[in-house]
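Reviewing the structure listed below.
Just so you know, ligand 1 is whichever comes first in the structure, and atom 1 is the first atom listed for that ligand.
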Amino acid sequence: MTAYDRLRFGGPTTRQTWVDRPREEFLTPVPPIWPLTTERLVLRPFESEDGEAFVEAWADEAWTSMLLTRPMNRAEVVEMMRRRTTPGSGEVVGLAVVHDGEVVGDVMLHLQGTGLSEAEIGWTMLPQHGGRGYATEAAAALIRLGFEHYGLRRVVANLDARNERSAALCERLGMRREVHRLGDFWSKGRWTDSYEYALLAEEWRAAQA
Ligand SMILES: CC(C)(COP(=O)(O)OP(=O)(O)OC[C@H]1O[C@@H](n2cnc3c(N)ncnc32)[C@H](O)[C@@H]1OP(=O)(O)O)[C@@H](O)C(=O)NCCC(=O)NCCS
């Protein structure tokens, strides 16, 4: 059902009636029990001191080149971390990824839509901690949380089509490249293509079996 159907028929779409409204009524996001732990990692809510770990990476033009924001200075990183530690509606789950007591990156799940049945996942791994599978391990734990705790139907990732490492990560996680959008990301003064990767709950369950 699309916005066009709503305009054509008036009133709620069948998806709103059968999916979004029952979920809205009965599913209030309840915070999971933190932290999440994996074989090598601890995933926990941000703490204000975490900003320091990200200062160098966010100042790096190469590391930020595939992100939609320009490099950030220390004050901006600290401000970002202040926003991330402010309790919100519970629809954005942002976690520091910690290995052996050291912050090595972050992962994020943004619950979306009226009935919060979908979520966008995002990730950054600090450059000195890349290439060890930490992003894969952390994102896999977050996807599990999305399907098992939040009861999601679909998890998506949106990325600059030039971001080969992020695309490889999506594929390691079993996500499918569903969409190749032409020239829809405005990044650092130019339009670039983007990919949307997706994973349905039933696909994830089948892969766990
Ligand atoms: C995107 C990003 C998170 C990917 O990080 P990554 O280091 O490639 O991903 P992982 O931590 O899962 O590591 C995977 C690598 O470790 C290797 N590896 C080692 N041990 C592993 C394990 N136990 N499990 C999985 N992979 C393992 C993999 O083979 C892979 O190696 P390769 O890069 O040579 O193919 C990272 O490049 C990044 O933060 N970039 C900058 C910010 C950014 O662009 N964010 C995404 C915006 S969409």
Side-chain angles (χ1 to χ4, degrees), residues 36-44 46 50-74 76-77 80-81 83-84 92-112 118-146 154-199 204 207-208:
L36 300 183
T37 52
T38 67
E39 201 181 321
R40 298 178 291 175
L41 306 170
V42 174
L43 276 59
R44 59 150 174 80
F46 290 111
D50 290 339
E52 210 46 49
F54 292 93
V55 166
E56 205 176 314
W58 275 102
D60 182 345
E61 286 199 15
W63 190 80
T64 53
S65 64
M66 298 294 152
L67 299 169
L68 296 182
T69 41
R70 56 176 176 72
M72 288 196 271
N73 62 31
R74 179 181 297 271
E76 290 166 324
V77 175
M80 173 179 72
M81 212 43 80
R83 278 199 312 275
R84 287 179 165 195
V92 180
V93 181
L95 300 171
V97 179
V98 179
H99 177 257
D100 268 352
E102 188 182 356
V103 175
V104 295
D106 75 308
V107 284
M108 188 269 314
L109 197 64
H110 185 187
L111 310 181
Q112 295 175 345
E118 296 188 6
E120 180 177 353
I121 192 166
W123 36 61
T124 68
M125 207 39 59
L126 297 175
Q128 65 274 32
H129 298 290
R132 294 181 207 165
Y134 293 158
T136 309
E137 197 169 313
L142 200 56
I143 288 174
R144 174 177 291 280
L145 184 83
R154 189 164 177 269
V155 173
V156 302
N158 288 292
L159 46 132
D160 192 312
R162 299 167 301 167
N163 197 341
E164 290 172 9
R165 293 188 69 174
S166 204
L169 173 55
C170 289
E171 292 188 13
R172 279 196 297 281
L173 292 164
M175 303 180 85
R176 281 171 294 97
R177 187 189 297 171
E178 273 190 355
V179 188
H180 179 172
R181 294 193 179 87
L182 302 184
D184 77 320
F185 262 28
W186 176 254
S187 182
K188 304 181 178 62
R190 54 173 287 197
W191 292 106
T192 75
D193 291 3
S194 77
Y195 291 147
E196 182 164 298
Y197 277 82
L199 182 63
W204 177 78
Q208 306 307 300

TODO: May I ask you to check if Arg177 and Tyr195 form a cation-pi contact, with NZ or CZ under 6.0 angstrom from the six-membered ring centre and within 45° of the axis?
DONE: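 Geometry flag: set, cation within 6.0 Å and 45°.
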Open item on the list: Whether the side chain of Lys188 engages the backbone of Met66 through a donor-acceptor N/O pair (distance < 3.5 Å, no angle test) should be reported.
Closed with: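 Flag not set: sc Lys188 to bb Met66 has no pair under 3.5 Å.
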Task: Those protein residues which place at least one heavy atom below 4.0 Å from ligand 1 - done: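 Residues near ligand 1: Arg40, Trp63, Leu67, Trp123, Thr124, Met125, Gly130, Gly131, Arg132, Gly133, Tyr134, Ala135, Thr136, Leu159, Asn163, Arg165, Ser166, Arg172.
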Task: Flag if over 12 foreign heavy atoms under 6.0 Å of CD, Gln128 - done: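 Check passes, neighbour count above 12.
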Open item on the list: Surrounding CD of Glu61 (heavy atoms of other residues, nucleotides or ligands, distance under 6.0 Å), is the total greater than 12?
Closed with: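 No, CD of Glu61 has 12 or fewer neighbouring heavy atoms, counting only those of other groups under 6.0 Å.
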TODO: Decide whether Thr192 and Asp160 meet the rule of one side-chain donor and one side-chain acceptor closer than 3.5 Å.
DONE: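 The answer is yes; a qualifying pair exists.
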Task: For Tyr134, all residues meeting ring-ring contact (aromatic ring centres under 6.0 Å, His included), sequence neighbours excluded - done: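 For Tyr134, the residues satisfying ring-ring contact (aromatic ring centres under 6.0 Å, His included) (neighbours in sequence not counted) are His99.
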